Amino acid sequence: MSAEPIAVTESVDLSVFGEDIATLAQEIVARYPQSRSALLPMLHLVQSVEGKVSQAGIQFCAAQLDLTAAEVSAVATFYTMYKRKTCGEHLVSVCTNTLCAVLGGDAIYKALGEHLGEGGKRLGHNETAGEPGAPGSITLEHAECLAACDLGPVLQVNYEFFDNQTPESAVALVDALRAGEKPQPTRGAPLRDFRTAELELAGFWPEDEVDYRSTVDGPSAAVETLRGAKLAEDRGWTAPAMTDVALPEVEKK
């Protein structure tokens, strides 16, 4: 949970969100039976514009969904994926949860912080090397479990996986990003910048089928991930069949 609240004022300049963004916001609303369900993807839409969820973004979402600014702020401050400060061109998330930490995640996070820092000061959590949003800028964060324990230590760049990392490979990766390169992730789709990834998380993709496929296609499950299933297949192991069990009746209130 974020410890840094968003202060919301009565009058905020919403001009950064033009008619085109308002149209996309209403397309999101149209996907759901209840408009308030559109809040999470709409916050991603806001981040695709500003690289963060600002006071203006809070007010924009509130106006689009007929919610109070307090209701929107409560959601935006709960999830760590919504940022208070403008992110760099790339968001680098290093898993420092237990297994990845033991395998070297802590060392990777420390090495990147020292490498990206300036003036002898190590770059900290959610801090940016370079001008936020400018080409080559990197925002570094330590992340809780990235759900890739079989390939740890792992990190993500704009939510795409780079598996089996070392301090040296991670430093080489951020150097490539700062130089304008887009290394191919270990698994998943080709690498995009943070704001493009946010637009996709809001549910907007290229309309052309070829462009769409080039955006999303890529290897997904790794050999390590499927090893248990392959062993079961080779050895003829199967799980016991499930039996139908009547669900208990819920007491009516």
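All values derive from a computational prediction rather than experimental measurement.
When hydrophobic clusters are built by joining Ile, Leu, Val, Met, Phe, Trp and Tyr residues whose side-chain heavy atoms come closer than 4.5 Å, directly or via intermediates, Phe161 is not grouped with Tyr159. One hydrophobic cluster, built from ILVMFWY side chains closer than 4.5 Å, holds both Leu191 and Leu112. Cluster annotation: Val102 is not connected to Leu146 through the hydrophobic network of ILVMFWY side chains, with a link wherever side-chain heavy atoms come within less than 4.5 Å. The same ILVMFWY cluster, assembled from side-chain heavy atoms under 4.5 Å apart, contains both Val94 and Leu173. Under the 4.5 Å side-chain heavy-atom criterion for ILVMFWY residues, a single connected hydrophobic cluster contains both Phe162 and Val171.
Taking CG of Leu116 as the start and CG of Leu177 as the end, the distance is 9.5 Å to the nearest 0.5 Å. Note that OH of Tyr109 and CG of Leu140 are 5.0 Å apart. Values are rounded to the nearest 0.5 Å. How far CG of Leu99 is from CG of Leu151: 10.5 Å, rounded to the nearest 0.5 Å. Interatomic distance, His44 NE2 to Tyr79 OH, rounded to the nearest 0.5 Å: 10.0 Å. Atom CD1 of Ile138 and atom SG of Cys87 lie 10.5 Å apart (nearest 0.5 Å). Taking CG of Leu39 as the start and CD of Gln64 as the end, the distance is 11.5 Å to the nearest 0.5 Å.
A donor-acceptor pair is defined here as one N or O able to donate and one able to accept, closer than 3.5 Å; no such pair exists between the side chain of Arg187 and the backbone of Pro185. The backbone N or O of Ala69 lies less than 3.5 Å from no partner atom in the side chain of Glu71, so there is not a single donor-acceptor pair. At distances below 3.5 Å, not a single donor-acceptor pair connects side-chain atoms of Gln59 with backbone N or O atoms of Leu14. Side chain of Lys52 to backbone of Val49: no donor-acceptor contact under 3.5 angstrom is found. A donor-acceptor distance shorter than 3.5 angstrom exists from the side chain of Ser48 to the backbone of Leu45, with no hydrogens or angles considered. Put simply, the side chain of Gln47 gets close to the backbone of Met81: a donor and an acceptor are under 3.5 Å apart. With hydrogens and angles ignored, the 3.5 Å screen pairs no side-chain donor or acceptor of Arg195 with any backbone N or O of Glu89. No donor-acceptor pair under 3.5 Å is formed between the side chain of Glu141 and the backbone N or O of Ser93.
Nearest approach of Phe194 to Gly51, heavy atoms of both residues: CE2-O, 3.9 Å. When every heavy atom of Ile58 is checked against every heavy atom of Ser73, the shortest pair comes out as CD1-CA, 3.8 Å. In this structure, Leu40 and Tyr82 approach most closely via the heavy-atom pair O-OH, 2.9 Å. Scanning both residues, His90 and Arg192, for their nearest heavy atoms gives ND1-O, 4.0 Å. A pairwise comparison of heavy atoms in Pro41 and Leu201 identifies CB-O, 4.4 Å as the closest pair. Listed here is the closest heavy atom pair of Asp106 and Ala101: OD2-CB, 3.6 Å.
Using a 4.5 Å heavy-atom cutoff, the side chains of Val157 and Glu160 are not in contact. Side-chain contact check for Val46 versus Phe17: some heavy-atom pair is nearer than 4.5 Å. No side-chain heavy atom of Val12 sits less than 4.5 Å from a side-chain heavy atom of Phe60. Between Asn164 and Thr186, the closest side-chain pair of non-hydrogen atoms is not below 4.5 Å.
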Side-chain donor-acceptor contacts of residues 238-246 below 3.5 Å, not counting sequence neighbours, with atom names and distances?
none

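Applying the side chain to side chain donor-acceptor pair (under 3.5 Å) test to residues at least two apart or on different chains, the pairs with a partner in residues 117-129 are Thr128-Thr139.
Taking Ile, Leu, Val, Met, Phe, Trp and Tyr as members and joining any whose side-chain heavy atoms lie under 4.5 Å apart, directly or through other members, Val250 forms no hydrophobic cluster with any other residue. Clustering of Ile, Leu, Val, Met, Phe, Trp and Tyr by side-chain heavy atoms under 4.5 Å joins Leu226 with none of the others.
A search for side-chain hydrogen bond (donor to acceptor under 3.5 Å, both in side chains) contacts involving His142 returns nothing, not counting sequence neighbours. Scored by the salt bridge (charged side-chain N to carboxylate O under 4.0 Å, His left out) test, Arg213 finds Glu209, Asp217 as partners (sequence neighbours excluded).
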Open item on the list: As a quick check of understanding, evaluate side-chain contact (heavy atoms from CB on, under 4.5 Å) for Ile108 and Thr96, giving each step before the final call.
Closed with: CA-CA 9 Å; Ile108 290 171; Thr96 56; over 6 Å; no

Task: Criterion side chain to side chain donor-acceptor pair (under 3.5 Å) on Gln34 and Ser37, from CA distance to verdict - done: CA-CA 6 Å; Gln34 296 185 23; Ser37 300; 5.2 Å; no

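The neighbour count for Arg36 CZ, taken as heavy atoms of other residues, nucleotides or ligands under 6.0 Å away, does not exceed 12. Heavy atoms of other residues, nucleotides or ligands lying less than 6.0 angstrom from CG of Asp20 number more than 12.
For the pair Lys230 and Asp234, the salt-bridge criterion is met [side-chain N within less than 4.0 Å of a carboxylate O].
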